[in-house]
Amino acid sequence: QALDHMAGAAGKQKDFYESVVVTMEGACRFISRYAELARSMYEQTGRENLREVAEICKKLAVSPAQTYQEAVQAVWFLYVILQMEGNASPFSPGRMDQYLYPYFTHSRAHGMTLEDALEITECLWLKFNQLVYLRNSNSAKYFAGFPIGFNVAIGGQKLDGSDTSNELSYLFLQAQAHLLLPQPNLSLRIYNGSPQELLEAATRVIAMGSGMPQIFNDEAVIPALTAHGISDHDARNYAIVGCVELTTHGNALGWSDAAMFNLVKALELTLSGGIDLLTGRPLGSDLGNLTTYETYAELEAAFAAQIDTFCDKMAACIAVVEQMHAKLLPTPFLSAVIDDCMEKGLDVTRGGAHYNLTGVQAIQVANVADSLAAIRQLVYEEKTVFAERLLHALRTNFEDDPLLRAMLLHKVPKYGNDVAWVDEIGAKWVNYFASRLERYRNGRGGIYQMGLYTVSAHVPMGQNVGASADGRLAGDPLADGGVSAMYGRDTSGPTALLQSVARLPFRRASNGTLLNMKFLPAFFQTDTGIRKFTQLLRAVCALGISHIQFNVLNEADLRAAQRE
């Protein structure tokens with residue numbers, strides 16, 4: 001039996017290597033066809049740039065890049081071929097200002113101007129906007145907009161902790177300021193020693209309203225990664241996948257969107273005795289209901305048990321999907337560019353990568369914290385609201401008790417206002433969920449890790465949740481982002497919000513987090529405003545918050561966008 005097993009493994013390795021050879025031969029031929037096309041177009045038009053493109057493509061089909069233009073072209077070919085093979089959303093270029101920098105300096109030394117480099121970069125930026133991932137209507141609700149997710153990371157630290165920013169970091173910011181397109185998803189890594197010049201340059205781009213660059217905090221991200229088994233070397237060289245998902249560079253299969261776990265729905269089922277408030281049908285475990293839990297501790301125990309049940313169901317579903325990926329969707333080209341696959345003779349879908357992770361998002365901190373805070377204060381501590389009254393209001397969507405809804409909305413402190421006990425409720429259940437995920441292993445031999453982000457899933461997930469004890473109506477959206485406060489409830493200003501968010505255990509959220517903040521354009525119109533904003537970024541850094549991104553807009557622009 002052992003010999004048969006060894007023979008079977010050797011046969012699978014042989015199949016894998018042969019698949020890589022076939023795929024690479026196809027990739028070379030694919031690139032050569034572009035050389036032939038460009039040569040044909042040059043002969044028809046006489047345009048010198050087409051002759052240059054033809055020569056570059058001909059070279060890249062058989063040889064590595066040397067110049068900046070060749071390297072940028074090679075990057076684009078890589079992602080086109082990856083998309084053809086995997087039809088996946090997304091593949092991310094990562095720390096381009098680092099690995100393209102030697103080619104940039106080489107070309108600069110041989111006569112390339114900064115204007116040339118900017119034009120080449122912007123051509124790549126335009127190409128990133130030509131690939132659009134075609135989603136079905138249901139999936140599009142959860143990933144609305146234009147989220148192909150070519151995430152380019154700039155800045156951050158070297159392995160020795162020194163600053164990595166260079167001319168390309170600023171050039172990429174300039175390209176974003178010039179084009180203001182949704183791709184690439186430009187990300188700036190910052191840390192305590194980030195240069196003021198870089199922060200100010202990034203702030204001026206943020207002020208233009210494209211939502212980019214978004215900000216990632218090395219001081220929080222690197223410890224989160226190392227806490228989940230990532231080496232210090234790889235953690236310091238982290239990049240971002242898609243929207244906000246954290247990853248090591250070139251050696252991981254993270255499956256960062258394996259599942260989104262609706263904690264607010266789990267709480268609903270805890271309060272209702274397992275009955276779906278939208279349909280009236282049994283959905284969860286009947287562990288009692290709000291009227292039968294004599295203490296807040298009993299309610300919490302039931303909530304934990306409800307989470308446990310659905311975590312087990314979720315992990316079982318994920319396991320089946322992983323098996324199908326390995327059986328039906330091997331990806332030899334991707335495997336050839338991910339570390340350890342070639343050494344193991346193993347496709348990434350079968351565990352060939354150095355790191356094999358599964359990312360699950362906890363949805364949604366603010367609603368859970370606000371709901372449990374209201375129940376704890378009004379029902380169990382002050383006893384000003386009977387459990388029967390609140391449960392009836394949730395079952396009837398507050399239709400005959402608008403006064404109770406007003407109490408829930410306005411008489412209880414809310415997450416996002418630097419109220420420690422409310423924030424700590426959210427942190428407690430984030431910690432619980434992260435601990436629960438740690439019990440599972442995926443089919444590739446790796447761990448589960450928690451994320452705290454939604455993309456646009458807070459809208460359809462809210463449609464699947466009945467009325468909640470924070471005063472939210474049935475079907476309304478949940479809080480946006482992942483660690484953001486519920487709409488309009490962070491009334492104490494941006495610094496209070498940051499203090500609340502900082503109480504969450506970012507060390508547990510190695511799959512990525514998302515914090516949205518909104519500013520008016522007028523804030524950025526003076527140098528003083530720019531400097532104040534950079535101090536806000538340094539505060540985010542000091543507080544240990546993993547991520548933040550900004551919408552810079554006003555009502556007039558939004559109304560105009562609707563009309564036009």
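These numbers come from the heavy atoms of this one structure, side chains and all, not from hydrogens, waters or symmetry mates.
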If you apply the rule side-chain hydrogen bond (donor to acceptor under 3.5 Å, both in side chains), what do you find for Asn367 with Tyr415, and how did you get there? CA-CA 8 Å; Asn367 300 99; Tyr415 168 83; over 6 Å; no
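The only option from Lys428, Arg503, Lys414 that meets the salt bridge (charged side-chain N to carboxylate O under 4.0 Å, His left out) definition with Asp423 turns out to be Arg503. For the ring pair (Phe, Tyr, Trp, His ring centres under 6.0 Å) criterion with Phe261, the lone passing option out of Tyr432, Phe433, Trp429 is Phe433. For the pairing with Asn516, the side-chain contact (heavy atoms from CB on, under 4.5 Å) check across Val483, Asp480, Ile548 returns one residue only, Asp480.
In this structure, NE2 in His458 is found 8.0 Å from CG in Leu478, a value given to the nearest 0.5 Å. Rounded to the nearest 0.5 Å, atoms CD (Gln306) and CG (Leu271) are 9.5 Å apart. Rounded to the nearest 0.5 Å, atoms CG (Leu515) and CZ (Phe506) are 7.0 Å apart. Leu299 CG to Leu372 CG: the interatomic distance, rounded to the nearest 0.5 Å, is 6.5 Å.
Between the side chains of Gln214 and Ser187, at least one donor N or O sits under 3.5 Å from an acceptor N or O. In summary, the side chains of Thr226 and Asp232 do not present any donor paired with an acceptor at a separation below 3.5 Å, with no hydrogens or angles considered. Remark: the Ser210 side chain and the Gln176 side chain contain an N/O donor-acceptor pair separated by less than 3.5 Å. Inspection of the Asp97 and Tyr170 side chains reveals no N or O donor paired with an N or O acceptor under 3.5 Å. When only modelled atom types and interatomic distance are considered, Asn217 and Ser546 share no side-chain donor-acceptor pair under 3.5 Å. His178 and Glu122 are linked by a side-chain donor-acceptor pair at a separation below 3.5 angstrom, with hydrogens and angles left out of the test. With 3.5 Å as the limit, one finds a donor-acceptor pair spanning the side chains of Ser492 and Asn417. For Ser468 and Glu268, the side-chain atoms include no donor-acceptor pair closer than 3.5 Å. Counted by atom type alone, Gln183 and Asn129 present zero donor-acceptor pairs between their side chains at under 3.5 Å. Side chain to side chain, His228 and Asn511 fail the donor-acceptor criterion of an N or O pair below 3.5 Å. In this model, a donor atom of one side chain and an acceptor atom of the other lie less than 3.5 Å apart for Gln361 and Asp257. In the model, Gln449 has a side-chain atom that pairs as donor or acceptor with a side-chain atom of Ser510 under 3.5 Å.
With His249 contributing its side chain and Arg95 its backbone, the two residues share a donor-acceptor pair below 3.5 Å. Looking at Ser92, its side chain does come within 3.5 Å of a backbone N or O of Gly149 through a donor-acceptor pair. Tyr191 contributes a side-chain N or O that, together with a main-chain N or O of Asp163, makes up a donor-acceptor pair within less than 3.5 Å. In this structure, Asn151 contributes its side chain and Gly242 its backbone to a donor-acceptor pair below 3.5 Å. The closest donor-acceptor contact from the side chain of Asp490 to the backbone of Ala496 lies at 3.5 Å or more, if one exists at all. Proximity of a side-chain donor or acceptor of Ser256 to a complementary backbone N or O of Glu245 within less than 3.5 Å is not detected. Of the possible donor and acceptor atoms, none in the side chain of Ser162 sits under 3.5 Å from a partner among the backbone N and O of Lys158. At least one donor-acceptor pair under 3.5 Å links the side chain of Glu219 to the backbone N or O of Asn192. Remark: side-chain polar atoms of Asn397 are not paired, donor with acceptor, to backbone N or O of Ala393 under 3.5 angstrom. Looking only at distances, a side-chain donor or acceptor of Ser456 sits under 3.5 Å from a matching main-chain atom of Tyr142.
Salt-bridge formation is detected for the pair Asp276/Lys265: a Lys NZ or Arg NE/NH1/NH2 atom is positioned less than 4.0 Å from an Asp or Glu carboxylate oxygen. A salt bridge is defined here as a Lys NZ or Arg NE, NH1 or NH2 lying under 4.0 Å from an Asp or Glu carboxylate O, and Asp527 with Arg204 meets this definition. Using a cutoff of 4.0 Å between basic side-chain nitrogens and carboxylate oxygens, Asp370 and Arg472 are not scored as salt-bridged. A salt bridge links Arg436 to Asp312: one of the charged nitrogens lies within less than 4.0 Å of a carboxylate oxygen. Glu200 and Arg531 are not joined by a salt bridge, as no carboxylate oxygen comes within less than 4.0 angstrom of a charged side-chain nitrogen. Under the 4.0 Å criterion applied to side-chain N and carboxylate O atoms, Glu438 and Arg508 are assigned as salt-bridge partners.
The ring pair (Phe, Tyr, Trp, His ring centres under 6.0 Å) test applied to Tyr293 returns no partner, not counting sequence neighbours.
Between Phe533 and Phe524, the ring center distance clears the sub-6.0 Å criterion.
Heavy atoms of other residues, nucleotides or ligands lying less than 6.0 angstrom from CZ of Phe523 number more than 12. In this structure, Glu555 places its CD atom where only 12 or fewer heavy-atom neighbours from other residues, nucleotides or ligands lie under 6.0 Å away.
Below 30°, between 30° and 60°, or above 60°: for Tyr448 and Tyr440 the angle between ring planes is between 30° and 60°, a tilted geometry.
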